Structures are given as C-alpha cells and as structure tokens.
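Here the structure is laid out as structure tokens; the discussion comes afterwards.
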Amino acid sequence: MTKLERQHLDAVASLGCIVCGNPEAQIHHRISGRYSQRRVNHFETMPLCREHHDLLHKNAERFEEEHGTEWELIGKTYARIMEVRANTVGDP
C-alpha cells in the first residue's frame with residue numbers, strides 16, 4: 001500500500017458510516033467481478049458500520065434500493081472528505 005492510499009483510507013475511516021453516521025465504521029472496498037470475489041483499488045472505498053456492511057454483502061440489491069449504489073456512496077464519501085478538508089484549512 002502506498003502512502004497516498006493509506007492517507008485516503010485514513011480519511012475514509014475518519015468519516016463514520018456514510019449511511020447512518022455511526023463513528024464505528026469499517027472500510028468497504030467496492031466489489032466487482034463474478035460472484036463479488038474481487039476487490040478494487042483502495043480509492044473505491046466507503047465507510048460503513050457493521051450493520052450496513054453486512055447488509056450490503058448479504059443483499060446488495062436491497063442495500064442499493066434503500067441507500068444508493070456503491071458508486072453514489074463513494075461519490076458521497078469523496079464529497080465529505082473534501083468538506084472536512086475545506087473546514088480544516090487554516091485550523092491550528
């Protein structure tokens with residue numbers, strides 16, 4: 001893992017669950033490929049609490065109907081990271 005990937009994953013983890021805001025979030029890598037067995041790179045990630053992470057893996061269709069697609073939530077994750085950075089610029 002590169003330094004940039006580690007920094008990104010740290011930023012993702014610091015957000016809390018992208019769905020409910022639970023601070024006890026895990027990093028979820030978007031999964032692609034047949035039978036959802038292959039992970040993608042560290043930049044296609046989002047923070048999810050255990051409940052939402054489990055739901056996504058058990059029933060992705062239901063998860064996406066209720067909370068949005070993985071791509072939408074990854075976009076929301078990036079937007080939140082940018083908000084945090086913008087709000088901390090110039091802070092001691």
Side-chain angles (χ1 to χ4, degrees):
M1 181 178 312
T2 68
K3 181 179 178 180
L4 186 60
E5 289 170 327
R6 172 55 42 213
Q7 289 172 338
H8 178 72
L9 292 178
D10 288 345
V12 170
S14 73
L15 297 175
C17 181
I18 199 70
V19 174
C20 70
N22 183 337
E24 303 276 331
Q26 307 167 345
I27 295 174
H28 168 75
H29 288 76
R30 185 181 68 80
I31 298 176
S32 72
R34 190 172 188 184
Y35 307 115
S36 301
Q37 296 298 315
R38 196 181 69 189
R39 279 190 182 178
V40 295
N41 70 58
H42 294 301
F43 296 102
E44 295 177 19
T45 56
M46 68 184 91
L48 293 173
C49 65
R50 170 54 57 199
E51 179 182 337
H52 287 114
H53 204 176
D54 288 347
L55 175 59
L56 176 57
H57 283 282
K58 289 178 185 172
N59 191 336
E61 186 175 302
R62 178 175 161 218
F63 178 92
E64 289 190 355
E65 285 174 5
E66 293 177 8
H67 306 294
T69 67
E70 287 183 277
W71 282 120
E72 290 168 337
L73 294 173
I74 290 168
K76 191 174 178 181
T77 299
Y78 272 92
R80 287 238 183 113
I81 290 170
M82 297 306 290
E83 283 176 31
V84 169
R85 289 184 181 159
N87 291 330
T88 57
V89 171
D91 284 350

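Everything quoted here is computed from the prediction, not taken from an experiment. Just so it is clear, the values below take in all heavy atoms, side chains as well, and ignore hydrogens, waters and symmetry mates.
For His28, the ring-ring contact (aromatic ring centres under 6.0 Å, His included) test picks out His53, His57, with sequence neighbours left out. Taking the side chain to side chain donor-acceptor pair (under 3.5 Å) definition, one finds that Arg6 meets it with Asp10, sequence neighbours left out. Listed by chain and number, the residues in a side chain to side chain donor-acceptor pair (under 3.5 Å) with Glu51 amount to none (sequence neighbours excluded).
Residues Met82 and Val12 fall into different hydrophobic clusters, defined by Ile, Leu, Val, Met, Phe, Trp and Tyr side chains chained together at heavy-atom separations under 4.5 Å.
Shortest non-hydrogen contact noted between Cys20 and Cys49 is SG-SG, 3.8 Å. Residues Cys17 and His52 come closest through the heavy atom pair SG-ND1, 3.6 Å.
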Query raised in the report: side-chain contact (heavy atoms from CB on, under 4.5 Å) between Leu15 and Val84: does it pass, once the steps are laid out?
Result: CA-CA 9 Å; Leu15 297 175; Val84 169; 4.1 Å; yes
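The side chain to side chain donor-acceptor pair (under 3.5 Å) contacts involving residues 13-25 comprise nothing, where partners must be two or more places apart or lie in separate chains. The stretch residues 64-74 participates, sequence neighbours left out, in these salt bridge (charged side-chain N to carboxylate O under 4.0 Å, His left out) pairs: Arg62-Glu66.
In this structure, CD in Glu83 is found 10.0 Å from NZ in Lys76, a value given to the nearest 0.5 Å. Distance check: His8 NE2 to Ile27 CD1 gives 8.0 Å after rounding to the nearest 0.5 Å. His29 contributes atom NE2, which lies 7.5 Å from atom CG of Asn41 (distance to the nearest 0.5 angstrom). The line from OG1 of Thr45 to CD of Gln26 is 13.0 Å long, rounded to the nearest 0.5 Å.
Grouping Ile, Leu, Val, Met, Phe, Trp and Tyr residues whose side-chain heavy atoms lie under 4.5 Å apart, directly or via other members, places Leu56 in a hydrophobic cluster with Leu4, Ile18, Val19, Phe43, Met46, Leu48, Leu55, Phe63, Trp71, Leu73, Ile74, Tyr78.
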